[in-house]
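Take a look at the structure below.
Residue numbers start at 1 and run along the sequence shown.
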Amino acid sequence: MATLTVWRFPTATGADEALATLKQLQGQELIKVQDGAVISWPGGASKPRTRHLSDMTGAGALGGAFWGFLFGLIFFIPLIGMAIGAAGGALGGHLAHFGIDESFIKDVKEKVTPGTSALFVLSSDAVLDRVRPAFEGIHAELIQTNLSADEEARLREAFTEGE
């Protein structure tokens with residue numbers, strides 16, 4: 001089962017700073033990062049900046065189409081190089097079909113605002129009693145949703161790049 005987590009930080013640079021911790025945890029095999037992205041929204045900016053974590057993911061990563069679709073829904077702008085039609089029929093579908101419900105979208109939309117940042121991570125195999133303490137003191141708020149095996153399979157079928 002995969003988990004989509006959003007670590008929201010009270011500063012525009014917090015997500016980038018927490019990325020080093022995530023990389024260490026993955027190197028210690030305490031979490032498997034399947035895909036991810038960083039959102040940084042400097043105060044006063046009209047829209048957030050995004051960056052795909054392509055250096056942390058391997059084959060089977062969802063990539064730009066998924067993140068562009070998700071961020072387009074949340075922030076009302078297509079981001080990270082999303083191409084229209086790249087996700088096929090999923091673009092017109094409902095994200096709840098993939099385990100990402102409206103309350104998750106609403107939570108992220110309300111909390112990731114100018115002056116904040118967020119680390120979006122699709123992960124599995126997390127050793128939670130070791131992962132949570134690694135982020136203590138970082139002042140992050142966790143927003144998450146779990147995807148069933150079927151939801152994850154549908155998500156991958158619709159959005160996986162390079163397969």
**Message:** Among residues at least two apart in sequence or on other chains, which ones pass side chain to side chain contact (heavy atoms under 4.5 Å, CB included) with S103?
**Reply:** D101
**Pairing residues for T113 by the side-chain hydrogen bond (donor to acceptor under 3.5 Å, both in side chains) criterion, not counting sequence neighbours** = none
**Validation row: H52, D35 side chains within 4.5 angstrom (heavy atoms)** = yes
**Asked** If only atom types and distance count, is the side chain of Q26 paired as donor or acceptor with the main-chain N or O of K32 below 3.5 Å?
**Response** no
**Message:** So L19 and L53, do their side chains get closer than 4.5 Å, heavy atoms only?
**Reply:** yes
**Message:** Does any part of the side chain of L147, heavy atoms only, come nearer than 4.5 Å to the side chain of L4, both counted from C-beta?
**Reply:** yes
**Complete:** Rounding to 0.5 Å, atoms CG (D107) and CD1 (I143) come to a distance of 5.0 Å
**Asked** Any side-chain heavy-atom pair from W7 and I138 closer than 4.5 angstrom?
**Response** no
**Request:** Return each pair, listed once, that meets salt bridge (Lys or Arg N to Asp or Glu O under 4.0 Å) where at least one residue sits in residues 123-132; pairs must be two or more places apart or across chains.
**Result:** none
**Request:** Please identify each residue that fulfils salt bridge (Lys or Arg N to Asp or Glu O under 4.0 Å) with E110, with sequence neighbours left out.
**Result:** K106
**Message:** Determine whether a donor-acceptor pair (N or O, by modelled atom type, separation under 3.5 Å) exists between the side chain of E151 and the backbone of S148.
**Reply:** yes
**Listed once per pair and sorted, the side chain to side chain donor-acceptor pair (under 3.5 Å) pairs that draw on residues 9-20, sequence neighbours left out** = T13-E17, D16-R51
**Message:** Between S123 and I31 (side chain of the first, backbone of the second, donor and acceptor by atom type, cut-off under 3.5 Å), is there such a pair?
**Reply:** no
**Asked** Would you say I74 and F104 make side-chain contact, with heavy atoms under 4.5 Å?
**Response** no
**Complete:** Rounding to 0.5 Å, atoms CZ (R8) and NZ (K111) come to a distance of 8.5 Å
**Prompt:** About how many Å separate CG of L25 and CZ of F135, when rounded to the nearest 0.5 Å?
**Reply:** 5.5 Å
Identify all side-chain donor-acceptor contacts of residues 37-45 below 3.5 Å with residues at least two apart in sequence or on another chain.
residue: S40; atom: OG; partner: A12; partner atom: O; Å: 2.8
residue: W41; atom: NE1; partner: A45; partner atom: O; Å: 3.0

